[in-house]
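Quick notes on the structure that follows.
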Amino acid sequence: SQTIHQWPATLVQPVGSPLSLECTVEGTSNPNLYWYRQAAGRGLQLLFYSVGIGQISSEVPQNLSASRPQDRQFILSSKKLLLSDSGFYLCAWSPALGAGELFFGEGSRLTVL
Amino acid sequence: GQQVMQIPQYQHVQEGEDFTTYCNSSTTLSNIQWYKQRPGGHPVFLIQLVKSGEVKKQKRLTFQFGEAKKNSSLHITATQTTDVGTYFCVGATNKLIFGTGTLLAVQP
């Protein structure tokens, strides 16, 4: 069966520090991968999605970047965090782009101080 | 850009009362999905609707997809405390766009 792992679960970072969140999927090949951000009490904002290795689509201009160095690995990064980067970051995968169920990781809660 | 709005943003009901959340897209959708997110958790898939006018039921939950494939609703009959959480619709075109969500609180 397919599983998705996301880490770290919680982190507190100072403004201006770098960020790296990792997500891996097991039990499937060539998944479509997504990074979402959820501000407190708000909906989910799509940040990036990827249909294959090295292929990244960015949805909103921001302080973040994403990379997909391997088929089932998706990384969210920042060189210098801002206060506004605080939130709940969710990695997800789906078997097809724009269709089919989204399977979410447990999420990473980032607090920037 | 494509937007998916939900109303209400928040609903507080007494246990046993019914609950409905409505979802509206600015564009025609190929399908719509519904997710539930418990407080502190991640969204969990509930259902997908594909056909115009489609209605699906899961126990006390009834999902509808509008004839124009631009709106949808989720109705919960006789709410229970386990129904607490945020319900999101997700509109699909060439990508999946989350609605703004409806937070449901159920008072025992």
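Chain letters run A, B, ... following the sequence lines, proteins first and then strands; every chain starts at 1. Here the structure is a predicted model, which means the values were calculated and not measured. All values below were derived from every heavy atom in this structure, side-chain atoms included, with hydrogens, water molecules and symmetry-related copies excluded.
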In terms of hydrophobic clustering (I, L, V, M, F, W, Y; side-chain heavy atoms under 4.5 Å; direct or indirect links), are [X] and [Y] co-clustered?
| X | Y | answer |
| --- | --- | --- |
| A:Ile4 | A:Phe74 | yes |
| B:Tyr22 | B:Tyr87 | no |
| A:Ile75 | A:Leu21 | no |
| B:Leu29 | B:Ile97 | no |
| A:Val15 | A:Leu76 | yes |

Q | chain A contact via B:Gln37 - side chain, backbone, both or neither, heavy atoms under 4.5 Å | A |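 When you check distances to chain A, only side chain atoms of B:Gln37 fall under 4.5 Å.
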Q | B:Tyr35, part contacting chain A, at a heavy-atom distance under 4.5 Å | A |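 Contact with chain A: side chain only.
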Return a table of donor-acceptor pairs under 3.5 angstrom between the side chains of residues 45-54 of chain A and protein atoms on other chains or two or more places apart.
| from | atom 1 | to | atom 2 | distance (Å) |
| --- | --- | --- | --- | --- |
| A:Gln45 | OE1 | A:Arg37 | NH2 | 3.4 |
| A:Ser50 | OG | A:Gly52 | N | 3.4 |
| A:Ser50 | OG | A:Gly52 | O | 2.9 |
| A:Ser50 | OG | A:Gln55 | O | 2.6 |
| A:Ser50 | OG | A:Arg68 | NH1 | 3.1 |

Q.
Need one label for A:Tyr36: side chain, backbone, both or neither, based on atoms under 4.5 Å from any heavy atom in chain B.
A.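 When you check distances to chain B, only side chain atoms of A:Tyr36 fall under 4.5 Å.
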Q: Compare all side-chain heavy atoms of B:His42 with those of A:Gln6 and state whether any distance is below 4.5 angstrom.
A: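 Counting from C-beta outward, B:His42 and A:Gln6 never come under 4.5 Å.
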Exceeds 12 heavy-atom contacts within 6.0 angstrom, atom [atom1] of [X]:
| X | atom1 | answer |
| --- | --- | --- |
| B:Phe45 | CZ | yes |
| A:Glu22 | CD | yes |
| A:Gln2 | CD | yes |

Q | B:Gln33 versus A:Leu102, closest heavy-atom pair with distance | A |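 Closest approach of B:Gln33 to A:Leu102, heavy atoms only: OE1-N, 4.1 Å.
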Q.
Sub-4.5 Å heavy-atom contacts with chain B: which residues of residues 85-93 of chain A show up?
A.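 Listed by number, the contacting residues are A:Phe88, A:Leu90.
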Q.
Using a 3.5 Å distance criterion without hydrogens, assess whether the side chain of A:Tyr34 forms a donor-acceptor pair with backbone atoms of B:Leu96.
A.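 Not at all, since once roles are kept as given, no pair shorter than 3.5 Å links the two residues.
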